[in-house]
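Here the structure comes first, spelled out in structure tokens, and everything after it is commentary.
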There are 2 protein chains.
Amino acid sequence: MPKIVRERHDAIPALAEVFREHGFEGASLSLISERTGLGKGSLYHFFPGGKDEMAAAVLADVATWFESNVFAPLRNDADPRKGIGHMLTAVETYFQSGMRICLVGAFALGDARDRFAESIHRYFAAWRDALGDALVRAGLERKEAKERAEEIVAAIQGAIVLARALGEPAPFRRAMRRIRAMVMR
Amino acid sequence: MPKIVRERHDAIPALAEVFREHGFEGASLSLISERTGLGKGSLYHFFPGGKDEMAAAVLADVATWFESNVFAPLRNDADPRKGIGHMLTAVETYFQSGMRICLVGAFALGDARDRFAESIHRYFAAWRDALGDALVRAGLERKEAKERAEEIVAAIQGAIVLARALGEPAPFRRAMRRIRAMVMR
DNA sequence: GTCTATAGATCGATAGAC
DNA sequence: GTCTATCGATCTATAGAC
């Protein structure tokens, strides 16, 4: 498929897919070049820091997307339950019912963890805290809310692992349904 | 640390640690050689199929360990709740409260998934089914038991992701405590 | 900005001496 | 069985023409 790349940002989606499919180590520059439609010269023009900078840019883009589409609604929606419902819908679409992995979660399990430790930590802490806030506003006691938030974020990550391992989206979909039921109760 | 390697099997623990720490792609033969204490010649003597065969041997070893220490107790313990309690204790030790990742889960998220799809599928299906059996014997209806088993296996995997991402064992320990409470209820 | 060519290191894997 | 030496391929990254 043809790609129009005029600035660095245009290459990010293709970069993200390559890192998701092959991991940090598995994403070779030749593969990246092929999938972005950019020669190595262009890649190093946009990302002088090489593969590290490409992955960092992808992580930053993911963080921005989640901040806008998941965390902010959790914190700001007048009805916290609506914010959580919004999160679940967004997450189900984003992860394609578990058939598309969470790049940050995969990095957390792999060799790239130390390299991007701060970004990874920030992503999960922000998610957990935003969800915890929503649960407090929904009426839960603070300590209970924090633990529930942690449980839900972990459940989503685990559902992705299981869905990918079994090769079917059903475990992910069931997990989303369980979370929805738990929250709306 | 010195290693005594007389047969193929003696190299498996070191191999497993290298694959766990660096992933399939990240585990280079020179790193494997260093950590097992075996030269490349010896490695290819024991594993003629190269890195693929090494990883396959590790996965087989993991499967055997879980079969003996986790799945069999789940299926055979006269008191199914005791079997589940045994599973949780074994898992907490094995994964070092989330500071040691699940190799099969990490492979499921990474590039190695396609290569070892069958082993990965079998591992998670066996775990889910053995736990489901135990829950049926504990009195749950079959459909409810299957869903609970899936939920628990996913919760463990998600707890590992979160613990690794946040760099602390607490999320994993809390998840184990929640599962225990859910089952014993 | 984008390309080709290529450097320099490291990859997985093999050969052959011992 | 284990080692050293080394193969060809591939890796990340750079240089320089256009």
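All heavy atoms count here, side chains included; hydrogens, waters and symmetry mates do not. Every chain is numbered from 1, with letters handed out A, B, ... down the list of sequences.
When rounded to the nearest whole Å, the span between NE2 of B:H45 and C1' of C:dT14 equals 15 Å. C:dC11 atom P lies 10 Å from atom CD1 of B:I32, rounded to whole Å. Rounded to whole Å, atom C1' of D:dT12 lies 12 Å from atom CD of A:E25. Look at CG on B:L29: it is 11 Å from P on C:dT14, rounded to the nearest Å.
Ring pair A:W127/A:Y123 is perpendicular by interplanar angle, where above 60° counts as perpendicular and below 30° as parallel. Note on ring orientation: taking the six-membered ring where Trp is involved, the planes of B:F71 and B:F66 are tilted (angle from 30° to 60°).
The salt bridge (Lys or Arg N to Asp or Glu O under 4.0 Å) search around A:R20 returns A:E17, not counting sequence neighbours. With sequence neighbours excluded, the residues forming a ring pair (Phe, Tyr, Trp, His ring centres under 6.0 Å) with B:F116 are B:F24, B:F107, listed by chain and number.
A:G41 comes within 4.0 angstrom of a base, heavy atoms only.
Taking 4.0 angstrom as the limit, B:K40 places none of its side-chain polar atoms (N or O) nearer than this to OP1 or OP2 of C:dA13. In this model, the phosphate group of C:dT10 is not approached by any side-chain N or O of B:S28 to a distance below 4.0 Å at OP1 or OP2. One finds no side-chain N or O of B:S30 lying less than 4.0 angstrom from the OP1 or OP2 phosphate oxygen of C:dT10. Phosphate proximity of C:dT14 to B:Y44: absent, as no side-chain N or O sits under 4.0 Å from OP1 or OP2.
Where B:S42 and A:A27 meet DNA chain D, the nucleotide closest to each residue was compared, and B:S42 sits on the side nearer the 5' end.
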